Structures are given as structure tokens and as C-alpha cells.
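Step one of this worksheet: look at the structure below.
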Amino acid sequence: MQTPEKLRQAAARADWRWQDAHAVRSVSDLANYLRLTPVAVKQMAAAAARQPVKITPYYLGLLLPDDPADPLRRMVLPDPRELQISPDELADPIADGGKHCPTPGLTHRHPERALIFPSMQCGGYCRYCFRRQRVGCAAAVWSDEEQANALEYIAQHREIREVILTGGDPLMLPDASLLTLLQRLRRIPHVRLLRVHTRMPAYNPSRITMALTRGLAALQPLWVVTHFNHPRELTPVALRYLARLRRAAPLLNQSVLLRGVNDNSDVLRELGWRLAEAGIKPYYLHHPDRAIGTRHWRTSLTRGRRLWRELWGSLPGYMTPQYVLDLPGGHGKTPVAADYVADAGGNVFHIRGPQGGRTYRYRDGEEPRMNTD
Ligand SMILES: *Cc1c(COP(=O)(O)O)cnc(C)c1O
Ligand code: SF4
């Protein structure tokens with residue numbers, strides 16, 4: 001095994017390209033850093049054959065070397081359960097290809113928003129990746145021609161008001177390519193907002209270079225949506241880079257509800273507080289899609305809704321994310337949090353109190369009674 005001191009030094013290297021180049025990409029290398037039995041190594045290797053492994057030295061330094069149940073470990077280490085395929089996973093979970101994919105690397109389902117996929121690489125690979133199927137219409141690497149076609153499509157569709165860069169991870173592009181692409185989008189008059197989705201601040205925070213930050217600041221209005229799932233991912237190092245990033249753009253976060261990682265209201269609450277302290281508004285909590293081999297990550301919707309109810313009212317409202325499910329079949333994201341309101345007809349509603357539990361009758365149109373004493 002590597003000495004912890006060596007790993008600590010590697011984890012602290014503040015050069016994102018170095019971190020990326022030295023990412024662990026094989027199970028046999030992992031055994032240099034974590035205590036793994038030979039059986040575990042063999043099982044992990046089988047799962048790794050299906051989806052690549054990639055863990056930066058920085059992220060490796062956050063893992064608990066002796067604890068197989070460590071939530072951070074679970075997110076990046078291959079698991080033999082990935083090889084089990086449930087019958088309900090066989091379909092393309094959200095049908096993002098086909099008619100919503102007019103040109104390679106672009107998905108246009110909602111008229112006012114277009115998604116583009118400029119890079120299919122990521123700073124690390126999440127074992128639960130719910131995008132495995134979703135990115136079916138994106139080329140692994142966007143060629144100049146594909147990019148030109150996507151820009152042309154956006155320029156011709158005046159209903160597009162926001163362009164969302166996703167992937168993969170758009171921050172895997174070098175600064176020059178990323179900023180040039182964003183500047184080209186900025187020059188299309190009807191594109192009012194730009195948005196960049198990235199998990200890089202979790203896997204490789206030093207990607208937030210001064211040059212990138214300056215470039216993004218010059219492209220306002222532009223929002224950045226990060227992807228943190230667990231409070232331990234918001235390390236002092238990550239917080240330092242996020243402080244820089246938030247001077248350039250307003251920040252939101254999306255999380256995926258993951259069994260054994262954050263399917264616990266204390267963890268989700270702490271995540272909410274840490275994000276807020278970092279100047280990031282929790283945006284979405286995604287119920288996991290039915291991507292192939294992800295059964296072991298999914299909690300039931302019933303449990304997810306109960307967790308969400310425990311958050312509401314015990315966190316400031318702005319720290320409570322929307323709990324959403326991307327409906328199988330390509331029908332889009334829908335809020336699935338607790339229903340608080342039942343319409344009983346005749347302007348009467350049965351409304352649940354904020355903590356669930358009791359329901360109150362509310363009659364619409366009734367004037368508040370004035371206290372005339
Ligand atoms: C998720 C998604 C978006 C972005 O949705 P927001 O709710 O605006 O974050 C846009 N297009 C498609 C096809 C999506 O799946
Ligand atoms: S960063 Fe996003 S696209 Fe990349 S592996 Fe993780 S979930 Fe999938």
C-alpha cells in the first residue's frame with residue numbers, strides 16, 4: 001500500500017490536470033490505496049469492465065481506507081451488484097434520444113431549454129450514473145462539425161432561451177474550448193441564459209482556475225449547477241474553490257438520492273446546511289432513474305417522500321431541494337414530494353401541516369375574521 005503521507009501529498013496537489021492525469025483507473029491500482037480482499041478485487045474488476053473506474057488522488061484521499069460502507073467509497077468503487085439487471089431497467093429510462101435529439105450532442109424537449117453535451121468525459125465516474133442511457137444521442141467527443149451544427153440549430157430556434165451544458169462534464173474541456181463555446185452561445189441574441197452542470201468541484205475542485213472564473217464571470221447571466229451528494233464532499237479545499245466560483249456565477253446544486261449515501265434525513269439536512277454555507281442553493285434531489293445495474297442504489301418512492309417530509313420544516317425553505325423523478329418514457333421531471341393539498345371541491349381544500357401529520361380544512365375565498373375588540 002502507498003503510505004498515507006504519499007496519498008495526502010498527492011491529494012493536496014492543486015493542479016487539476018495533474019489530478020486528472022493521475023486518477024486511478026483500475027481496480028488493481030485501487031488495492032494500493034484501500035484495504036481490499038482478493039475476492040473484492042475480483043468482483044470489482046468484473047463490474048469495472050462495464051463502466052470505467054476513475055478516481056482522482058484528491059477524491060481518493062477522502063475515502064475511508066478500511067470502511068467498505070463509506071458513502072464516498074460507494075459512489076466511486078465498482079460493485080458486483082452493478083452486474084445485476086432488473087427487468088424494469090431494460091427500457092431506456094427516460095427516452096432522451098430519437099425525436100428529442102435533432103442533432104448529435106443536443107437534446108431539445110422543453111421548447112425554451114436546450115441541453116448540449118460538449119464532452120462525455122467526467123472528472124470521476126459515479127457508479128450510480130443515471131446518465132448511462134440518457135446520453136445515448138451524444139457523441140463521445142464533440143467534433144467541430146457537430147458543435148457547429150448544434151450552434152446552428154440553437155440559432156435557428158428562437159424559442160430557446162436557455163442553453164444547458166451537461167454531459168459528461170463540460171468542465172473536462174480545456175478553458176479555451178469551453179469559453180469559446182460559451183461565447184458563441186452568448187452571441188445568439190435569443191439565448192438569455194447559460195447554464196453549466198458539473199461534478200468537477202466534487203472530484204477535482206482545482207479545476208476552478210482563476211482563468212475559468214474570470215471567463216465565466218464575463219459571460220453573465222450564467223448559472224453553475226454543482227453535483228454534491230454527501231456533506232463530506234464539501235471539504236475545506238472544495239469550499240475554497242467554490243468561494244471563487246460563486247464570485248463568478250450564482251450556484252445551485254443537484255443531488256441524487258442514493259441508498260447508503262444520503263437516504264437519511266440527518267445527512268440530507270447537513271448537506272443542505274453545508275451547501276448554503278458555501279453559497280449554493282440546493283436545487284434538485286433526484287429520485288434515481290432506472291439505469292441498467294443500479295437497483296441497489298434505489299430507495300422506494302415512499303421512503304424518499306418520507307425523507308423529504310422530514311426535511312421540510314426542519315430546514316430553512318431555501319435549503320430544501322425539490323424532490324423530482326424523471327418519468328420513464330421521456331415525459332420529463334416531475335416533483336414527487338409529499339402532496340400537501342387535496343382539492344375537496346367547492347373551494348374547499350384539505351391541507352396538511354408542514355410536518356405531515358394533521359390535515360386542516362381550508363376554504364378559499366373566506367375573508368380573514370377581523371378582531372374588532
Ligand atoms: C433536466 C432537463 C432539463 C433541465 O431541467 P431544469 O428543470 O430546467 O433543470 C432540460 N431538458 C431536459 C431534456 C432535461 O431532462
Ligand atoms: S459526473 Fe455525472 S455524467 Fe459523469 S459519471 Fe457522474 S453522474 Fe454520470
Side-chain angles (χ1 to χ4, degrees), residues 20 23 48 50-56 59 72 74-78 82 92-102 105-138 140 154 157 159-172 192-204 207 223-230 233 252-258 261 281-289 291-294 297 321-335:
D20 197 69
R50 286 274 181 88
Q51 188 197 359
V53 171
K54 180 176 175 187
I55 312 172
T56 55
Y59 202 84
L72 271 56
R74 291 171 52 96
M75 285 190 271
V76 291
L77 256 59
E82 291 167 30
D92 172 2
I94 65 160
D96 226 1
K99 66 178 162 50
H100 296 305
C101 186
L106 186 147
T107 299
H108 191 198
R109 182 199 288 145
H110 307 286
E112 75 292 349
R113 281 166 282 173
L115 293 180
I116 59 174
F117 303 84
S119 166
M120 289 313 304
Q121 316 219 344
C122 300
Y125 291 112
C126 315
R127 303 317 298 181
Y128 55 83
C129 182
F130 54 102
R131 279 257 157 91
R132 280 191 264 197
Q133 268 70 19
R134 191 183 302 203
V135 291
C137 60
I154 294 165
H157 286 76
E159 70 276 22
I160 299 175
R161 296 175 156 205
E162 184 182 30
V163 178
I164 303 166
L165 276 64
T166 183
D169 200 312
L171 294 197
M172 284 298 286
R192 294 165 63 163
L193 277 156
L194 300 171
R195 199 198 307 177
V196 177
H197 284 187
T198 177
R199 184 150 161 76
M200 209 63 118
Y203 284 142
N204 196 348
R207 174 66 187 97
W223 292 62
V224 175
V225 183
T226 61
H227 175 176
F228 290 99
N229 295 316
H230 192 279
E233 294 183 319
L252 301 171
N253 183 70
Q254 38 189 349
S255 304
V256 185
L257 180 62
L258 298 169
V261 172
K281 154 101 184 77
Y283 176 37
Y284 280 148
L285 175 64
H286 292 273
H287 193 77
D289 293 331
I292 300 270
T294 58
W297 288 111
Q322 292 223 44
Y323 181 34
V324 292
L325 169 72
D326 221 318
L327 281 167
H331 304 294
K333 279 187 275 294
T334 305

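Nothing here was measured: the structure is a model prediction, and the numbers come from that model. As the structure lists them, so they are numbered: ligands from 1, and atoms in each ligand from 1. Only heavy atoms go into these numbers, but all of them, side chains included; no hydrogens, no water, no symmetry mates.
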So which bit of C126 gets within less than 4.0 Å of ligand 2, heavy atoms only: side chain, backbone, both or neither?
both
Pairs of nitrogen or oxygen atoms closer than 3.5 Å, one from E162 and one from ligand 1: do any exist?
no
In ligand 1, the atoms that come under 4.0 Å of a heavy atom of Y284 are 6 (P), 7 (O), 9 (O)
Atoms of ligand 2 close to R199 [distance to a heavy atom under 4.0 angstrom, numbered from 1]:
1 (S)
May I ask you to decide if A291's main-chain N or O and D289's side chain share a donor-acceptor pair within less than 3.5 Å?
no
Got a second to check how far F117's CZ is from T107's OG1, nearest 0.5 Å?
4.0 Å
Ligand 1 atoms nearer than 4.0 angstrom to some heavy atom of Y283 are 6 (P), 7 (O), 8 (O), 9 (O)
Value for CZ (R113) from CD (E159), rounded to nearest 0.5 Å, stands at 12.5 Å
Apply side-chain hydrogen bond (donor to acceptor under 3.5 Å, both in side chains) to residues Y128 and N229 and explain how you reach the verdict.
CA-CA 12 Å; Y128 55 83; N229 295 316; 2.9 Å; yes
For ligand 2, which atoms, with element, lie under 4.0 Å from some heavy atom of C122?
1 (S), 3 (S), 4 (Fe), 5 (S)
Near I164 (heavy-atom distance under 4.0 Å), the atoms of ligand 1 are 4 (C)
Any Q254 heavy atom less than 4.0 Å to ligand 1:
no
Would you check whether T107 has a nitrogen or oxygen atom less than 3.5 angstrom from a nitrogen or oxygen atom of ligand 1?
no
Mind checking the CG-CG spacing from L257 to L325? Nearest 0.5 Å is all I need.
11.0 Å
So CG of L77 and CE of M75: to nearest 0.5 Å the spacing works out to 11.5 Å
Answer yes when R199 and E233 have at least one side-chain N-carboxylate O distance shorter than 4.0 Å, and no when they do not.
yes
Ligand 1 atoms nearer than 4.0 angstrom to some heavy atom of R113 are 5 (O), 6 (P), 7 (O), 8 (O)
Say you draw a straight line from NE2 of H197 to CG of N253; how long is it, rounded to the nearest 0.5 Å?
10.5 Å
Considering the heavy atoms of R195, write down every atom of ligand 1 situated less than 4.0 Å from one of them.
6 (P), 8 (O), 9 (O)
